[in-house]
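Heads up, the thing below is written out as structure tokens.
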Amino acid sequence: MKSITAYKQLNLTHLQTALPQLLETARREQWTYETMVERALGAELDGREQKATARRLKAARIPSKKTVEGFDFSFQPSLSERRIRELADLSFVRTCTNVIFLGPPGTGKTHLSLALANRALAEGHSVLFTTLAELAQSLESASHPGLMRQRLRRYIAPSLLIIDEVGYTRLTAEQAHHFFELVAARYEHGSIILTSNTSFTGWGALLGDEVLATALLDRLLHHAEVIAINGSSYRMKERRTESRTPSTLSDTARHAAGDLPTGV
Ligand code: ADP
Ligand code: MG
């Protein structure tokens with residue numbers, strides 16, 4: 001009975017769960033005392049690591065799991081596979097370098113960001129995924145300065161912050177200022193992966209302020225890898241493939257209604 005409390009007091013809950021099985025195996029395989037102690041500590045450590053990984057994954061708010069292996073580089077010849085594989089070694093996270101994916105819709109910007117995020121999580125880094133619209137709204141809805149600082153901290157704290165879809169939403173003056181504040185706060189402290197369909201010259205209009213845009217880009221790009229993808233949309237490729245072999249009724253119906261491109 002006493003030992004049950006001891007596990008709790010020492011916070012050895014994983015060991016407590018694993019122990020009956022461990023003892024049974026130890027008896028059956030006649031483990032030495034050393035092996036038993038090693039396995040017992042190992043069970044606690046493994047359990048803690050798994051829990052921490054699960055917690056990090058939940059906190060990252062990753063919308064879907066994507067991998068570098070799942071990316072078809074032959075579809076995007078303008079993109080250097082070697083460069084992406086180099087990024088996947090994560091030295092950019094360690095050196096607080098930013099990664100900017102630029103390109104039209106469907107070219108895999110979000111996919112590659114998520115794939116790098118996935119690698120970073122596996123390596124034990126803290127990650128947070130957001131879109132610029134979500135970020136701007138979250139900071140804007142902070143009703144008082146204390147809450148604002150707390151919200152800002154949420155985006156500053158992770159080792160890697162992904163800001164997806166920069167360019168789809170024009171920012172208000174206040175939102176643009178918050179965006180600048182965040183980029184400035186992470187500058188040389190933590191990496192940002194950012195995706196945009198808008199080239200940097202368009203960021204003045206996006207932020208509604210050329211001077212602010214210049215100051216933001218100055219910090220964002222000082223230590224950054226800019227990867228421009230000039231290709232066609234993978235989504236359209238999938239639609240074209242579907243339209244050639246309509247496999248479901250709804251595909252056929254959409255096809256008949258002219259929704260899917262044909263003959264391309
Ligand atoms: P973007 O963010 O540039 O608009 P996404 O990354 O969202 O594009 O890609 C759209 C969809 O196509 C996603 O489901 C993504 O996984 C897939 N995709 C895009 N490019 C590729 C590729 N080269 N290989 C495999 N899947 C791809
Ligand atoms: Mg995207």
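Both counts, for ligands and for their atoms, begin at 1 and track the order of listing.
Nearest protein heavy-atom contact of atom 3 (O) of ligand 1 is Lys109 NZ, 2.7 Å. Looking from atom 23 (N) of ligand 1 to the surrounding protein, the closest heavy atom is Asp72 O, 2.9 Å. Distance from atom 2 (O) of ligand 1 to its nearest protein heavy atom, with residue and atom name: Thr110 OG1, 2.7 Å. Regarding atom 8 (O) of ligand 1, its nearest protein heavy-atom neighbour is Gly108 N, 3.2 Å. In terms of protein heavy-atom proximity, atom 12 (O) of ligand 1 is nearest to Tyr234 CD2, 3.4 Å.
Distance check for Ser113 against the Mg ion (ligand 2): none of its N/O/S atoms falls below 2.8 Å.
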Side chain to side chain donor-acceptor pair (under 3.5 Å) between Thr32 and Thr35, intermediate numbers included:
CA-CA 5 Å; Thr32 60; Thr35 306; 2.8 Å; yes
Please test Phe92 against Ile193 for side chain to side chain contact (heavy atoms under 4.5 Å, CB included), starting from the C-alpha separation and ending with a verdict.
CA-CA 10 Å; Phe92 80 94; Ile193 297 181; 4.0 Å; yes
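The shortest side-chain heavy-atom distance between Thr107 and Gln76 falls under the 4.5 Å cut-off.
Donor-acceptor pairing under 3.5 Å is lacking for the side chains of Tyr168 and Thr131. Using a 3.5 Å distance cut-off with no hydrogens or angles, the side chains of Asn98 and Ser191 do not pair a donor with an acceptor.
Note on ligand 1: Gly106 sits in its first shell, one or more heavy atoms being nearer than 4.0 Å. For the ligand labelled ligand 1, residue Gln76 lies outside the 4.0 Å heavy-atom shell. The closest approach between a heavy atom of Gly70 and any atom of ligand 1 is below 4.0 Å. Ligand 1 has no atom lying under 4.0 Å from any heavy atom of Thr195.
The minimum heavy-atom distance between Ala157 and Ser126, with the atom names listed, is O-OG, 4.3 Å.
Taking all heavy atoms of His111, Arg235, Glu165, Lys66 into account, the minimum distance to atom 7 (O) of ligand 1 is reached by Arg235.
Taking the six-membered ring wherever Trp is involved, the centroid distance between the rings of Phe73 and Phe71 falls below 6.0 Å.
Partner Ile192 forms a side-chain contact (heavy atoms from CB on, under 4.5 Å) with one of Ile162, Thr97, Leu220, Leu160 and no other, that one being Leu220.
Ligand 1 places these atoms under 4.0 Å from at least one heavy atom of Pro105: 4 (O).
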